[in-house]
There are 2 protein chains.
Amino acid sequence: MHILAQSIERDPMPRMGMVLDRSMPWSLPPMTRLPPVPRPVAVPAAKDATIVEQDDEAKYCFLIVTGCVRTVRTMTDGRRQIGEFLFAGDVYGWDVLETHDYGIEAVTPSLLHRFPRDELQEFADTHGNFGRRMRELSARQGRASRDHMILLGRKTATERLASFLLALAVRLKLEDGTWIVPPMSRSDIADYLGLTIETVCRQLKHLREDGTISSNGTKILIHDRRSLMGCARMALH
Amino acid sequence: MHILAQSIERDPMPRMGMVLDRSMPWSLPPMTRLPPVPRPVAVPAAKDATIVEQDDEAKYCFLIVTGCVRTVRTMTDGRRQIGEFLFAGDVYGWDVLETHDYGIEAVTPSLLHRFPRDELQEFADTHGNFGRRMRELSARQGRASRDHMILLGRKTATERLASFLLALAVRLKLEDGTWIVPPMSRSDIADYLGLTIETVCRQLKHLREDGTISSNGTKILIHDRRSLMGCARMALH
DNA sequence: CGTGGGTTTGATGCTCCTCAATTGCTGTGG
DNA sequence: CCACAGCAATTGAGGAGCATCAAACCCACG
């Protein structure tokens with residue numbers, strides 16, 4: 001208990017520092033048997049179907065196998081924020097507490113694999129390398145959230161659009177010179193970027209008039225990646 | 001490998017789904033000895049001192065023992081976003097990748113404890129319960145980030161201020177009817193809420209004129225918690 | 001008592017939102 | 001094959017909210 005029990009007295013919520021407090025055991029009691037490998041249940045989802053409602057109990061964790069889904073939180077008056085778009089290989093609902101603060105909905109027809117969270121927890125407890133990879137996963141999602149906080153808090157509409165297009169091009173694994181066909185609607189993009197549909201359209205128009213991109217209906221072509229990065233105020237890499 | 005190697009082929013970045021892929025071992029090789037309990041190094045910080053620069057290599061993890069610190073990311077042109085304010089018992093820099101995307105600076109004179117991240121990793125690998133608590137910690141910070149995304153993306157200036165004051169009152173463990181003395185400046189509050197200093201002042205004025213709060217210089221008193229929650233568009237609890 | 005920092009208030013302008021109308025696309029039925 | 005409906009995307013006009021610039025204020029400190 002060398003570390004910090006002294007700094008966390010009489011606290012209403014479970015505090016972060018507590019993890020290093022020796023008053024709780026660090027190790028788990030020895031297992032009589034190893035927990036089974038968690039087995040997935042296939043969950044198909046039609047376009048715009050809700051897979052998990054916001055504030056649902058966090059019993060399950062999902063792996064996106066095919067398609068694209070959005071994480072969504074809606075305020076009582078209807079204002080909506082999209083947390084992230086998830087694609088094949090992404091995981092939803094791991095680093096949450098008792099409930100899913102954001103729900104998920106299918107952007108395109110999708111297939112997901114559902115895992116019981118408690119089984120994954122148990123498995124992570126007993127398989128250090130697996131736990132470590134899950135921790136890395138949390139870290140990656142944490143970083144994405146923090147990046148998005150800068151976008152929402154401090155970037156202009158054009159910068160948000162530019163950042164989004166660049167990230168999308170990377171995510172869809174497109175080489176320069178190929179057309180991007182975003183799977184999500186303008187409305188989804190707007191709610192992801194903290195803007196309105198109209199502003200998204202107008203900023204696309206600006207970028208088109210700059211000659212930075214072309215767009216034809218739903219398709220978008222990045223002409224000048226470097227200039228787009230300038231618009232996005234992102235470091236080159 | 002029943003789960004999803006098939007969905008993550010030819011991907012430029014390490015993908016999340018990979019954690020469940022059997023091509024990497026789940027367990028760690030057996031240890032000849034248990035890793036030592038990570039030992040802290042005390043790190044004092046004067047007001048406004050930078051403890052970790054943004055984009056520094058993530059060698060260390062910090063526990064705030066006393067005081068208040070802010071996590072900060074600054075854009076090349078000087079625009080600044082504060083990710084969160086950390087108080088005694090909070091942990092910084094655990095769920096990151098190779099670098100700290102946000103730096104930390106002391107809001108008030110503070111004392112931190114510094115731990116090598118790799119030692120904590122190793123310790124978590126071999127002590128299931130510790131790892132589990134660290135995962136819960138990540139989950140808590142993830143939720144805080146996602147909450148903040150809604151604030152930054154969809155809330156009005158008044159709502160942001162109201163949310164902030166309520167959260168601060170909880171964080172500083174104040175009962176209703178006691179004066180809040182925020183340790184951070186207007187500038188910090190503004191950069192946390194994605195606003196300007198002037199807007200923060202004006203919104204405080206509005207809340208004062210509504211009779212929801214009183215404020216005298218730096219001190220703030222919440223008169224009507226319920227009404228403030230209304231302003232913040234938060235669910236009661 | 002004056003200096004300097006942060007804070008508050010005021011005047012003005014720009015960005016983005018709101019409301020409304022138009023265009024374009026897709027699928028369906030005649 | 002075309003006409004039409006339904007929906008998303010686009011464009012336009014006007015306004016609200018917040019940012020910017022500038023000045024006054026307040027308080028702590030030497």
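Protein chains get the first letters and strands the later ones, always in sequence-line order, with residue 1 at the start of each. Quick caveat, the model's predicted, so the values are computed rather than measured.
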Handout entry: 5' precedence on DNA chain D between Glu198(A) and Val200(B) (nearest-nucleotide basis)
Key = Glu198(A)
So, is [X] near the phosphate of [N], with a side-chain N or O under 4.0 Å from OP1 or OP2?
X: Ser185(B); N: dG6(C); answer: no
X: Thr199(B); N: dC18(D); answer: no
X: Thr196(A); N: dC17(C); answer: yes
X: Lys47(B); N: dG6(C); answer: no
X: Lys205(A); N: dG12(D); answer: yes

Practice task
Give a yes-or-no answer on whether the side chains of His206(B) and Thr158(B) include a donor-acceptor pair shorter than 3.5 Å.
Solution key: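 No, no side-chain donor-acceptor contact under 3.5 Å.
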Exercise for the section: State whether a side-chain donor-acceptor pair under 3.5 Å links Ser215(B) with Arg208(B). Expected result: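 A pair is found: one side chain offers a donor N or O, the other an acceptor, under 3.5 Å apart.
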Exercise for the section: Look at the side chain of Cys201(A) and decide which nucleotide, out of dT7(C), dC16(C), dA9(D), has an atom nearest to it. Expected result: dA9(D)
Over how many whole Å does the gap from [X] atom [atom1] to [N] atom [atom2] extend?
X: Asp48(B); N: dG6(C); atom1: CG; atom2: C1'; result: 12 Å
X: Asp191(A); N: dC17(C); atom1: CG; atom2: P; result: 11 Å
X: Ile197(B); N: dA19(D); atom1: CD1; atom2: P; result: 11 Å
X: Gln203(A); N: dC14(C); atom1: CD; atom2: P; result: 16 Å
X: Lys155(B); N: dC17(C); atom1: NZ; atom2: P; result: 18 Å
X: Leu152(A); N: dC16(C); atom1: CG; atom2: P; result: 13 Å
X: Glu209(B); N: dT8(C); atom1: CD; atom2: P; result: 13 Å
X: Lys219(A); N: dG24(C); atom1: NZ; atom2: P; result: 15 Å

Handout entry: Centroid-centroid under 6.0 Å between His100(B) and Tyr60(B) rings
Key = no
Practice task
Flag the pair Phe85(B) / Tyr192(B) as yes when their ring centroid distance falls below 6.0 Å, and as no otherwise.
Solution key: yes
Exercise for the section: Could you check whether Leu195(A) gets within reach of a base, just the sugar-phosphate, or nothing at all, counting any heavy atom under 4.0 Å? Expected result: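 The answer is sugar-phosphate, as Leu195(A) gets under 4.0 Å only of primed atoms, P, OP1 or OP2.
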Exercise for the section: With heavy atoms under 4.0 Å as the rule, sort Thr218(B) into base, sugar-phosphate or nothing. Expected result: nothing
Problem - Test item: Ile180(B) and Lys219(B) side chains (from C-beta on) under 4.5 Å apart, heavy atoms - result: no
Problem - Residue closer to the 5' end of DNA chain C, Arg202(A) versus Arg186(B) (nearest nucleotide) - result: Arg186(B)
